[in-house]
Amino acid sequence: MKKILTILIILGVISACNSEKKKINEEVVNLQEGEIISSPEIPKISFFQYEDSSAYPDAILELYTPLGNQIFKPGKVPFEFNIKNFPFELNENQEFKLFNILNGGDPVGFYSPIFQRELAEGSYRVVAYLVDEEGLALKNFGNYIDRDFQVGDSRPFPYSAEPYLALNLPRSNQVFDLGSEVVIDFLVVGGDMKLDGLKVKIQVNELTYEIDHMAPVRLVNLPIGSYQVKVQLLRSDGKELEGPFSSVSKSIIVR
């Protein structure tokens, strides 16, 4: 009897793990007339999300170095993080769990919380964050952190209380196989989308989708081709924010 019960429990766990994720907030969109032949056999292009399953809500990422507006000499700049309540050790696939974005560029992953980066003279804003097993940015308070610093004879960024974007996915010139999901994964830093009345507008060429909370957005059934993905942080009335990092664009390819 115990063996049967054990088998049933294992089967139940496997079934739960294999159950299909539920799509929410799905919007079917159309390419401009003439770009693709309309046919019932052609899968519909759609944006959607999966039901929230936030991982590691208690994870804490602290930044000890650089300090706010600290000045470094050009060359190797030290970074030191402290990570709590998160399994940072390498898994068997040696996947990165800590990422940094400098001045709105592509994320760079690190295996260690202490490292150096070769940086030229300039003003820098770093956004650092942890990711889950799927490579999606953790989005709870304390899962990510930002900091401004300078290298060489450079002035700090002008003060601004406006929130801004950090784009985890997609990466510049990322290539997607035909039929796979294009994931748009972002963080809104320095603000709360609900309390501050914000929304994010996603444009993939002429296709658009809007979201009023932080969650990965997925796009499926894009035809083969090159696309420009633009992610904008807006007021709920559609007004654009003025900060330098309130909009991010990446080119992607579907083949």
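- A donor-acceptor contact shorter than 3.5 Å is absent between the side chain of Asn85 and the backbone of Ile60.
- Arg155 contributes atom CZ, which lies 13.5 Å from atom CG of Asn69 (distance to the nearest 0.5 angstrom).
- Gln116 places no side-chain N or O within donor-acceptor distance of the main-chain N or O of Lys76, the cut-off being under 3.5 Å.
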Next item on the list: Give the C-alpha distance, both sets of side-chain angles, the deciding distance and a yes or no for side chain to side chain contact (heavy atoms under 4.5 Å, CB included) between Val182 and Gln174.
Entry: CA-CA 10 Å; Val182 174; Gln174 186 171 346; over 6 Å; no
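- To the nearest 0.5 angstrom, Arg255 atom CZ is 7.5 Å from Asp177 atom CG.
- Without hydrogens or angle criteria, Asn205 side chain to Gln228 main chain gives a donor-acceptor distance under 3.5 Å.
- Formation of a donor-acceptor pair under 3.5 Å by the Asn168 side chain with backbone atoms of Gly135 is found in this model.
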Next item on the list: Could you check Leu169 against Glu134 for side chain to side chain contact (heavy atoms under 4.5 Å, CB included), going step by step and ending with a plain yes or no?
Entry: CA-CA 11 Å; Leu169 296 171; Glu134 195 180 346; over 6 Å; no
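- Side-chain atoms of Ser123 do not come within 3.5 Å of backbone N or O of Ser154 as any donor-acceptor pair.
- When each of Ser246, Ser249, Ser247 is checked for a side chain to side chain contact (heavy atoms under 4.5 Å, CB included) with Gln232, only Ser247 meets the rule.
- Criterion: ILVMFWY side-chain heavy atoms under 4.5 Å apart, direct or through other members. Under it, Ile224 and Leu207 are part of a common hydrophobic cluster.
- Cation-pi check for Arg171 over Phe99 is met; the charged atom lies under 6.0 angstrom from the ring centroid and within 45 degrees of its normal.
- Grouping the Ile, Leu, Val, Met, Phe, Trp and Tyr side chains by contacts below 4.5 angstrom, directly or via other members, places Phe88 with Phe81.
- A donor-acceptor contact shorter than 3.5 Å links the side chain of Asn221 to the backbone of Lys44.
- Contact of the Val200 side chain with the Met193 side chain is registered, since non-hydrogen atoms from C-beta on lie closer than 4.5 Å.
- A donor-acceptor contact closer than 3.5 angstrom links the side chains of Tyr64 and Glu62.
- Other residues, nucleotides and ligands place no more than 12 heavy atoms under 6.0 Å from the CG atom of Asp153.
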Next item on the list: Please step through side chain to side chain contact (heavy atoms under 4.5 Å, CB included) for the pair Val188 and Leu165, ending with a clear verdict.
Entry: CA-CA 5 Å; Val188 174; Leu165 285 171; 4.1 Å; yes
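- For Pro78 against Thr65, the heavy-atom pair with the smallest separation is O-CG2, 3.5 Å.
- Residue Gln150 holds its CD atom at 11.0 Å from CD of Glu121, rounded to the nearest 0.5 Å.
- Side chains of Pro170 and Ile184 form a contact here, defined as non-hydrogen atoms less than 4.5 Å apart.
- For Arg218 and Glu26, the salt-bridge test fails: no basic side-chain N is under 4.0 Å from an acidic carboxylate O.
- Rounded to the nearest 0.5 angstrom, Lys97 NZ and Leu130 CG are separated by 9.5 Å.
- Contact of the Tyr124 side chain with the Val77 side chain is not registered, since no non-hydrogen atoms from C-beta on lie closer than 4.5 Å.
- The side-chain heavy atoms of Tyr164 and Asp146, taken from C-beta on, include a pair separated by under 4.5 Å.
- When side chains are defined from C-beta on, Asp185 counts as touching Lys139, because their heavy atoms get closer than 4.5 Å.
- Here Asn100 contributes atom CG and Ile145 contributes atom CD1; the two are 11.0 Å apart, rounded to the nearest 0.5 Å.
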Note to self: Under the criterion side chain to side chain contact (heavy atoms under 4.5 Å, CB included), I'd like the reasoning laid out for Asn25 against Tyr209: C-alpha separation, chi angles, the key distance, then a yes or no.
What the structure shows: CA-CA 10 Å; Asn25 302 325; Tyr209 183 84; 3.4 Å; yes
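- Minimum interatomic distance between Asn143 and Ala59 (heavy atoms only, all atoms of both residues): ND2-O, 2.8 Å.
- Ile211 and Val248 fall within a single hydrophobic cluster, where Ile, Leu, Val, Met, Phe, Trp and Tyr are joined by side-chain heavy atoms under 4.5 Å apart, directly or via other members.
- Asp148 has a carboxylate O that lies under 4.0 Å from a charged side-chain N of Arg125, or vice versa, which qualifies the two as a salt bridge.
- Side-chain contact between Ile101 and Tyr129 is present, with at least one heavy-atom pair separated by less than 4.5 Å.
- Under the side chain to side chain contact (heavy atoms under 4.5 Å, CB included) test applied with Arg117, the options Val151, Val126, Leu102 reduce to a single match, Leu102.
- Using a 4.5 Å heavy-atom threshold, the side chains of Leu138 and Asp132 count as touching.
- Of all heavy-atom pairs spanning Ser46 and Val28, the tightest one is CB-CA, 4.0 Å.
- No more than 12 heavy-atom neighbours from other residues, nucleotides or ligands sit within 6.0 angstrom of CD on Glu242.
- Val189 and Leu67 fall into different hydrophobic clusters, where Ile, Leu, Val, Met, Phe, Trp and Tyr residues are linked whenever their side-chain heavy atoms come under 4.5 Å apart, directly or through other members.
- Under the 4.5 Å side-chain criterion, counting only non-hydrogen atoms from C-beta, Phe176 is not in contact with Tyr227.
- Rounding to the nearest 0.5 Å gives a distance of 12.0 Å between CG of Asp58 and OH of Tyr56.
- Taking each heavy atom of Leu198 and Pro163 in turn, the nearest pair found is CD1-CG, 3.5 Å.
- Here the rule is side chain to side chain contact (heavy atoms under 4.5 Å, CB included) with Val183, and of Leu136, Leu219, Val217 only Leu136 fits it.
- Connection of Leu222 to Leu178 is established within a shared hydrophobic cluster, with ILVMFWY side chains joined at heavy-atom distances below 4.5 Å, either directly or through further cluster members.
- In plain terms, the two heavy atoms of Leu98 and Ser112 that are nearest each other are CD2-O, 4.0 Å.
- A distance-only check finds a donor-acceptor pair linking the side chain of Asp192 to the backbone of Lys194 [under 3.5 Å].
- A salt bridge does not link Lys23 to Glu181: none of the charged side-chain nitrogens sits closer than 4.0 Å to a carboxylate oxygen.
- Across Phe149, Phe110, Phe72, a single residue satisfies ring-ring contact (aromatic ring centres under 6.0 Å, His included) together with Phe79, and that is Phe149.
- Smallest separation of non-hydrogen atoms from Gly191 and Asp196: CA-OD2, 3.2 Å.
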